[in-house]
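Since the structure is predicted, the reported quantities are computational estimates derived from the model, not experimental observations. Naming convention: chains lettered A, B, ... in sequence-line order (proteins, then strands); numbering from 1 in each chain.
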There are 2 protein chains.
Amino acid sequence: MLTERQSRILEFVISEYVESAAPVASQYIGQKYPVGASPATIRNEMAELEEQGYLNQPHTSSGRIPTDRGYRFFVESLMHEEELSWDAQQTIRHQFHQVEHGQEAWTQLAASVLAQAVENAALVTEPRMDACRIKHLQLVSLHDFTMLLVLVLDESRLKQQVLTLDEIFTQEELTETATRLNQRFAGSSAAEVVAADPTLSQVERLVMDAVIEIMSSVDAGSFDEAHLEGLRHVLSQPEFSGSDQVLGLLELLDEHNISQAIPLRSLARGGVTVIIGADNPQLPQANDALRACSVIVSTYGSPGDASGALAVVGPTRMRYSRTISTVRYLAGVMSELLAEHYE
Amino acid sequence: MLTERQSRILEFVISEYVESAAPVASQYIGQKYPVGASPATIRNEMAELEEQGYLNQPHTSSGRIPTDRGYRFFVESLMHEEELSWDAQQTIRHQFHQVEHGQEAWTQLAASVLAQAVENAALVTEPRMDACRIKHLQLVSLHDFTMLLVLVLDESRLKQQVLTLDEIFTQEELTETATRLNQRFAGSSAAEVVAADPTLSQVERLVMDAVIEIMSSVDAGSFDEAHLEGLRHVLSQPEFSGSDQVLGLLELLDEHNISQAIPLRSLARGGVTVIIGADNPQLPQANDALRACSVIVSTYGSPGDASGALAVVGPTRMRYSRTISTVRYLAGVMSELLAEHYE
DNA sequence: GTTAGCACTCTCATGGAGAGACTGCTAATT
DNA sequence: AATTAGCAGTCTCTCCATGAGAGTGCTAAC
């Protein structure tokens with residue numbers, strides 16, 4: 001549909017607008033980029049691009065700005081995805097290897113690294129399997145009538161709960177109980193435990209009820225816990241200078257609405273997916289502020305094993321090439337690390 | 001220093017300004033509150049209050065707004081701290097009892113509840129003891145050469161780390177090792193383990209080195225992990241409509257600078273402490289946006305046992321009475337719950 | 001000590017006027 | 001037929017003056 005020259009002009013306009021955040025004029029493009037045509041010709045082409053919906057004019061007699069459709073065309077046809085620079089790659093790897101122990105904060109760290117790398121908001125979910133299984137459980141005596149149930153699920157996720165007992169148990173007794181339960185249930189999913197419906201002592205029943213409850217809540221996990229980081233990068237962009245917009249985005253953060261507003265898992269369909277502005281029907285339109293945003297999302301891990309999602313959220317006026325490369329690269333790194341730790 | 005009438009006028013001005021966020025005029029005060037004097041008299045008194053530094057005029061011929069000193073006087077001498085309404089108390093308790101299991105998100109929940117109750121930002125740190133001790137440790141075989149170290153510290157804090165072994169161990173062997181180590185080191189602090197310097201097998205050494213590292217990093221914990229919630233309440237206040245201010249406060253959030261910017265533990269000296277604007281030398285002045293803020297902070301838990309801190313951060317123009325009551329009440333509830341769980 | 005009255009000051013909203021930036025269109029050119 | 005120069009027209013943005021409104025400070029009377 002677009003001629004060679006129109007494509008190039010579109011590309012130039014987008015490059016320019018991404019940097020300046022201001023409408024782009026024909027004369028300016030003619031000077032700065034090698035179009036090989038006069039401003040008048042560029043104007044004609046721009047008019048055509050506007051006709052077709054790739055560009056927009058805030059008002060007559062101002063320069064053009066790209067539409068969502070313009071960005072989409074750019075991402076799909078014009079952009080050449082660059083390999084992330086070696087420096088950038090090293091920076092990312094280095095930041096990861098600093099914090100080796102304690103994998104609890106792993107995704108938090110990933111979000112932080114990603115946000116810093118792309119200078120936008122980043123969102124990373126915990127890795128999850130489809131149905132979690134018991135790896136190991138343990139009972140620690142806390143006090144006469146209370147004990148701590150420590151549950152290790154696959155992927156080394158830890159859960160704990162304080163339980164209240166009817167009678168006094170020693171640590172030895174609890175350890176024995178735990179050993180029995182481990183032999184019986186290690187490797188089982190919540191559903192399997194329920195299905196087996198074995199005869200249990202009172203304590204065992206108490207423990208397994210708690211285990212089932214915990215595992216169910218993990219499984220139910222429609223509620224993917226996502227870490228959001230770097231929102232300030234987005235909010236400092238000029239398009240969000242109006243305070244209404246700011247508040248809109250802040251609501252995402254505070255109420256833990258993120259997972260709902262941006263259902264990462266359902267969006268990422270293998271590889272990197274780009275959602276631009278309001279052009280994707282999958283994004284619920286609840287939040288106005290999100291309409292001015294694009295989301296670059298990818299899964300990490302492997303589908304059979306544990307997997308999660310990571311995403312960058314920024315204004316539609318975004319450096320797509322760099323952001324996509326970074327997301328792709330980080331997804332790779334995280335997949336590697338995940339594989340290393342839990343084959 | 002202040003006459004009866006001056007005090008009352010100051011109180012009225014603050015009440016009014018807290019609600020309206022606009023400079024308060026003499027005539028308006030005269031109409032709405034029972035001063036028993038004409039606007040002219042009120043003006044004279046206001047001039048005197050300004051002289052003494054309790055009030056301020058944004059420009060000649062506008063109403064007055066309270067200064068930090070004015071707020072401080074209000075909090076210390078004029079305000080009558082109200083008991084939190086029974087409704088509000090029940091709301092808070094109810095929100096807590098909804099989420100019983102999984103104490104991981106406990107402080108997160110507290111922050112959320114507090115933020116909602118006072119309609120401002122809330123900050124809650126994890127409960128901590130002075131030097132943490134080993135409660136129990138456990139080794140779970142993950143794969144041939146990897147195992148998961150699960151470390152339970154006092155207060156049921158869980159830490160985990162993946163360790164790589166030189167040779168293959170069965171789960172039974174690991175369990176035995178863990179049992180040995182537990183017998184030897186349960187109840188010890190990091191320093192005590194190091195001091196004892198016992199002879200250990202290679203595996204035991206590997207495990208204990210990791211344990212010491214983890215405990216040290218927990219102890220070092222100048223880095224109190226604090227949960228921040230409800231920042232949007234603060235940012236939606238008119239005094240933060242300028243986007244510069246917004247960005248200033250956002251930095252607190254993103255870079256995990258909160259703990260540094262607001263050293264809760266060192267601020268709270270038993271009971272509820274109120275820090276108003278820039279008037280407290282303990283608050284580092286790094287962040288400009290914080291100068292327009294007050295912090296209401298309290299500890300919870302008991303000094304000997306585990307304790308943490310909770311705080312509300314809001315504009316200096318804040319409903320101090322309600323906020324202080326709420327903080328005090330919530331600190332009480334949290335102390336109770338803490339005591340219940342770990343006697 | 002208090003108050004009425006009045007002049008004064010400062011803000012804020014309104015509305016040209018002029019400069020600047022770009023475009024769209026027309027007519028000439030290649 | 002495509003391109004370009006030239007020019008008029010349009011829109012924004014800033015600046016300035018204007019006037020209404022709000023509230024004070026001061027003075028003089030009570």
Side-chain angles (χ1 to χ4, degrees), chain A residues 1-10 12-14 16-17 19-67 70 238-239 241-243, chain B residues 1-10 12-17 19-67 70 238-239 241-242:
Chain A
M1 235 81 96
L2 293 186
T3 67
E4 165 71 16
R5 188 169 61 190
Q6 284 167 348
S7 293
R8 293 183 62 206
I9 290 176
L10 177 57
F12 294 150
V13 170
I14 290 178
E16 197 54 39
Y17 184 68
E19 292 305 321
S20 70
V24 182
S26 57
Q27 201 180 8
Y28 189 80
I29 288 282
Q31 281 172 11
K32 187 162 171 188
Y33 296 91
V35 185
S38 72
T41 306
I42 297 177
R43 276 202 292 282
N44 288 333
E45 299 288 43
M46 279 175 155
E48 176 64 20
L49 283 166
E50 184 173 5
E51 192 99 356
Q52 296 199 33
Y54 295 100
L55 291 180
N56 201 1
Q57 254 184 132
H59 54 88
T60 21
S61 95
S62 80
R64 303 304 209 291
I65 64 179
T67 61
E239 39 265 79
S241 60
S243 56
Chain B
M1 236 84 92
L2 294 186
T3 66
E4 165 69 17
R5 188 169 62 188
Q6 284 167 350
S7 292
R8 293 183 63 207
I9 290 176
L10 177 57
F12 295 150
V13 170
I14 289 179
S15 299
E16 197 55 38
Y17 183 69
E19 293 303 322
S20 70
V24 182
S26 57
Q27 201 179 8
Y28 189 80
I29 288 283
Q31 281 172 12
K32 187 162 170 186
Y33 295 90
V35 185
S38 73
T41 306
I42 297 177
R43 276 202 291 281
N44 288 332
E45 298 288 44
M46 279 175 156
E48 176 64 20
L49 283 166
E50 185 173 3
E51 192 98 357
Q52 297 198 34
Y54 296 100
L55 291 179
N56 200 1
Q57 254 184 134
H59 54 88
T60 21
S61 95
S62 80
R64 302 305 210 288
I65 64 180
T67 61
E239 39 265 80
S241 60

Task: N/O (side chain, B:Ser38) to phosphate O (OP1/OP2, C:dT2) under 4.0 Å - done: no
- [ ] Answer with yes or no whether A:Thr60 presents, from its side chain, a donor or acceptor under 3.5 Å of a partner atom in the base of D:dT10.
- [x] no
Open item on the list: Can you work out whether A:Ala47 or B:Gly36 has the more 5'-proximal nearest nucleotide on DNA chain C?
Closed with: B:Gly36
Task: A:Ser26 side chain to A:Ile42 backbone, donor-acceptor under 3.5 Å - done: no
TODO: Round to the nearest Å and state the distance from B:Arg5 atom CZ to C:dT2 atom C1'.
DONE: 8 Å
Open item on the list: Could you tell me how far apart A:His59 (NE2) and D:dC13 (P) are, to the nearest whole angstrom?
Closed with: 6 Å
Task: Flag if over 12 foreign heavy atoms under 6.0 Å of CD, B:Gln27 - done: no
- [ ] Would you indicate, yes or no, if D:dG25 has its OP1 or OP2 atom less than 4.0 angstrom from a side-chain nitrogen or oxygen of B:Arg64?
- [x] yes
Open item on the list: Without decimals, in angstroms, what is the distance between A:Ile65 CD1 and C:dA21 P?
Closed with: 20 Å
- [ ] Grab the CD1-P distance between B:Ile42 and D:dT24 for me, whole Å please.
- [x] 10 Å
TODO: Would you mind reading off the distance between B:Glu51 atom CD and D:dG25 atom P, rounded to a whole angstrom?
DONE: 11 Å
- [ ] Would you check if there is a donor-acceptor pair between the side chains of A:Gln6 and A:Tyr54 at a distance under 3.5 Å?
- [x] no
TODO: Hey, which sits more toward the 5' end of DNA chain D by its nearest nucleotide, B:Gln27 or A:Pro58?
DONE: A:Pro58
TODO: Would you kindly give the CG-to-C1' distance between A:Asn44 and C:dC25, to the nearest whole Å?
DONE: 9 Å
- [ ] Check every strand shown and say whether B:Thr41 touches a base, only sugar-phosphate, or nothing at a heavy-atom separation below 4.0 Å.
- [x] base
Open item on the list: For A:Arg43, is there any backbone N or O sitting under 3.5 Å from a side-chain donor or acceptor partner on A:Arg64?
Closed with: no
Open item on the list: Looking at D:dG25, I'd like to know if its phosphate oxygens (OP1 or OP2) sit under 4.0 Å from a side-chain N or O belonging to B:Gln57.
Closed with: yes
TODO: Let me see the working for B:Glu48 and B:Gln52 under side-chain contact (heavy atoms from CB on, under 4.5 Å), right down to the final yes or no.
DONE: CA-CA 6 Å; B:Glu48 176 64 20; B:Gln52 297 198 34; 2.9 Å; yes
- [ ] May I have the distance from A:Arg43 (atom CZ) to C:dC25 (atom P), rounded to whole angstrom?
- [x] 11 Å
Open item on the list: If you compare every side-chain N and O of B:Ser61 against the phosphate oxygens of D:dG23 (OP1, OP2), does one of them come in below 4.0 Å?
Closed with: no
Open item on the list: What is the distance, to the nearest angstrom, from the CD atom on B:Glu45 to the P atom on D:dT24?
Closed with: 14 Å
Task: A:Glu50 side-chain proximity, nearest of D:dT4, C:dG24, D:dG23 - done: C:dG24
